[in-house]
Every structure is written in C-alpha cells, then in structure tokens.
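Working notes, structure below.
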Amino acid sequence: MAKTMRLDKLLSHMGIGTRSEVRKYIRYGWVEVDGAKPKSGSVHVHPEAQTVLYKGAPVIYKEYVYYMMNKPQGVVSATEDARESTVIDLLEPEDQVFDLFPVGRLDKDTEGLMILTNHGALAHGLLSPKRHVFKTYEAVVDGPVNENDISAFKAGVTLDDGYETLPAELEILSVGDHKSETRLTIYEGKFHQVKRMFESRGRFVVFLKRISMGPLKLDDALSPGEYRALTEDEVNQLLEQAGLSEE
C-alpha cells in the first residue's frame with residue numbers, strides 16, 4: 001500500500017496538472033476526498049484507501065507507469081539534452097509529468113523498442129549484467145554474411161577493446177553482395193555492441209532496429225515516434241524478468 005501523500009502532489013503525479021494548477025482546481029471545488037471538498041492541497045490522503053474525485057471522476061493512483069515506444073532515428077535516449085531531441089520530448093505533456101526515463105539506451109541513429117518508466121528497480125533488474133536479459137535486433141550490414149559469421153557469433157567475438165562477448169544468435173534473413181539483412185540476439189549490453197560485433201567480422205551496420213527486450217516485443221502497430229502504455233500482462237512479464245515480485 002502506498003503511504004499518505006499531499007493531495008496536490010498526488011493529483012499532479014496523475015497528470016491532472018502542475019502543482020500550482022492543481023491547487024487552483026482545489027480552490028475551485030473541483031476536487032473531492034471521501035465526499036468532502038478540501039480547502040488546501042497540503043491535505044494528506046492515502047491514495048489507495050481514500051476516494052479522490054476530480055470533476056466527479058475517480059482519480060486512480062498509479063505509483064509506477066510503463067510505456068513502450070518505437071524510438072525513431074535522430075532522437076537520443078536521454079531524459080534531457082541541451083542540443084538534441086530526446087525520447088521524453090516525444091511524450092504528450094500529460095505523460096511527461098511521471099518523470100519517466102528510458103531503460104537503457106539506443107544510439108541516435110538506431111530505432112525500435114524503448115521501454116520508458118519511472119520504476120527504477122525494474123530498470124536496474126532489466127539492465128543488470130547478472131540477469132543476461134536478451135535483446136534482439138534487425139541489422140542491415142554492408143555486404144554478405146555467411147555461416148562462418150553465425151558460428152563466430154555463437155562462440156563469442158572479440159571486440160576492438162579486447163572484450164570477448166557472450167555467445168550470440170545470428171540469423172541471416174537475406175544475403176547480397178552489397179547488403180545483407182540479419183537478426184541478432186545478444187545477452188548483454190556493451191557500448192555500441194551490435195555495431196562492434198559486426199565490425200569484428202569486417203562488416204558495417206547501415207541500419208539497426210531493436211525489436212525485443214526480454215519477453216517484450218515491439219508492437220508492429222507503433223510507427224517510429226509513437227508509444228503506448230504496456231498491458232498488465234506485459235508489465236508482469238517484465239517484473240518477473242527483472243526478478244521483482246508483482247507490485
């Protein structure tokens with residue numbers, strides 16, 4: 001059960017408005033707590049044990065929120081950046097109030113599945129090297145790949161800094177003299193890992209898209225830049241993957 005919290009903080013957290021806006025709404029009489037209209041936003045309420053209404057509609061408290069985004073190219077995986085657009089900038093204002101952050105990173109020129117949440121323990125669990133949460137990518141490279149590349153990735157390759165990767169699964173979707181389409185699943189998350197793995201085999205990635213992370217698969221209905229809330233089943237799968245009990 002959540003602890004008691006200030007009424008203005010609760011309403012702001014749930015996207016009703018900024019703290020100052022919420023305080024005005026309370027003065028207007030638009031907010032009720034257990035049938036009474038409070039006079040101040042400083043009133044403490046128990047969000048799960050008391051009934052809070054805004055303009056007659058119940059305010060359902062959620063401590064944590066979870067979104068899936070199809071990150072587009074040209075956007076950085078950060079909460080803020082002085083020069084670049086971030087994944088947070090793509091959110092609607094009512095969703096930005098949750099103080100969301102991306103779980104892990106995708107390069108600026110990489111697109112695909114990005115998890116956004118305000119649940120720090122979940123992010124830590126999914127990113128922990130000890131858990132080996134798998135991530136699958138579609139990668140287009142600048143030349144032919146073959147069975148030798150599959151075998152090399154399965155054994156683990158040596159990156160430019162001498163690091164030996166964990167075994168990875170490479171699937172060849174199509175092969176051409178100038179371009180090959182592949183699907184690669186890795187079980188760790190080193191800096192620029194997919195690109196560096198292909199570079200170790202003499203190939204350069206010209207397009208990269210993450211299509212899954214653990215049990216979560218990118219929703220095909222999401223165009224680049226679009227996002228949606230995770231379903232309850234998707235959230236529970238991620239909590240289990242991260243080693244957390246259902247909350």
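Just so you know, these numbers come straight off a predicted model, no measurement behind them.
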* Please walk me through it: do Thr51 and Asp34 pass side chain to side chain contact (heavy atoms under 4.5 Å, CB included)? -> CA-CA 5 Å; Thr51 300; Asp34 291 340; 3.8 Å; yes
* Donor-acceptor contact below 3.5 Å, side chain Glu188 vs main chain Leu166 -> yes
* **Heavy-atom closest contact (Val205 atom, Val194 atom, distance)** => CG2-O, 4.4 Å
* Ignoring hydrogens and angles, state whether a donor on the side chain of Glu240 or Asn236 is under 3.5 Å from an acceptor on the partner side chain. => no
* To do: Could you name each residue pair satisfying ring pair (Phe, Tyr, Trp, His ring centres under 6.0 Å) that touches residues 177-230, not counting sequence neighbours?
  => Tyr67-Tyr227, Phe153-Phe198
* Asked: For the side chain of Thr79 and the backbone of Phe101, is there at least one donor-acceptor N/O pair under 3.5 Å apart?
  -> no
* Structure fact -> Those residues at least two apart in sequence (or on a different chain) that pass side-chain contact (heavy atoms from CB on, under 4.5 Å) with Glu234 are Met68, Leu216, Arg228, Leu230, Thr231
* Any donor-acceptor N/O pair, Arg131 side chain to Gln241 backbone, under 3.5 Å -> yes
* Write out all pairs satisfying salt bridge (charged side-chain N to carboxylate O under 4.0 Å, His left out) with one or both partners inside residues 155-172, taking only residues at least two apart or from two chains. => Asp160-Arg196, Asp161-Arg196, Glu171-Arg183
* Do Arg203 side-chain atoms and Asp142 backbone N/O form a donor-acceptor pair below 3.5 Å? -> no
* Structure fact -> Quick note, salt bridge (charged side-chain N to carboxylate O under 4.0 Å, His left out) partners involving residues 76-91, not counting sequence neighbours, are Glu84-Lys108
* **Gln193 and Tyr137: CA distance, side-chain angles, deciding distance, side-chain hydrogen bond (donor to acceptor under 3.5 Å, both in side chains) verdict** => CA-CA 11 Å; Gln193 180 168 339; Tyr137 298 81; over 6 Å; no
* Is any side-chain heavy atom of Val103 less than 4.5 Å from a side-chain heavy atom of Thr117? -> yes
* Asked: Can you check whether Leu91's main-chain N or O pairs, donor with acceptor, with Gln96's side chain at less than 3.5 Å?
  -> yes
* To do: Just do the side chain to side chain contact (heavy atoms under 4.5 Å, CB included) check on Leu100 and Val65 with the steps written out, would you?
  => CA-CA 8 Å; Leu100 299 167; Val65 293; 3.3 Å; yes
* Does the side chain of Met69 reach to within under 4.5 Å of the side chain of Glu226, using non-hydrogen atoms? -> no
* Do Val235 and Tyr64 pass the side chain to side chain contact (heavy atoms under 4.5 Å, CB included) test, and can you show the C-alpha distance, the side-chain angles, and the key distance before you say yes or no? -> CA-CA 10 Å; Val235 171; Tyr64 300 122; over 6 Å; no
* Aromatic rings His13 and Phe98: how do their planes relate, parallel, tilted or perpendicular, breaks at 30° and 60°? -> perpendicular
* Asked: Apart from Ile211 itself, what residues make up its hydrophobic cluster, given side-chain heavy atom links below 4.5 Å?
  -> none
* **Exam field: side chain Lys71 to backbone Thr110, donor-acceptor pair closer than 3.5 Å** => yes
* Check whether any side-chain N or O of Thr165 sits under 3.5 Å from a backbone N or O of Val157 as a donor-acceptor pair, and report yes or no. => yes
* **Any side-chain heavy-atom pair of Leu53 and Trp30 under 4.5 Å** => no
* So Leu218 and Asn70, side chain to side chain contact (heavy atoms under 4.5 Å, CB included) or not? Walk me through it. -> CA-CA 7 Å; Leu218 179 64; Asn70 185 355; 4.0 Å; yes
* **Glu147 backbone acceptor or donor facing Ser151 side chain under 3.5 Å** => yes
* Side-chain donor/acceptor of Arg210 to backbone N/O of Leu113, under 3.5 Å -> yes
* Asked: Sequence neighbours excluded, which residues qualify as side-chain contact (heavy atoms from CB on, under 4.5 Å) partners of Ser20?
  -> Thr18, Arg23
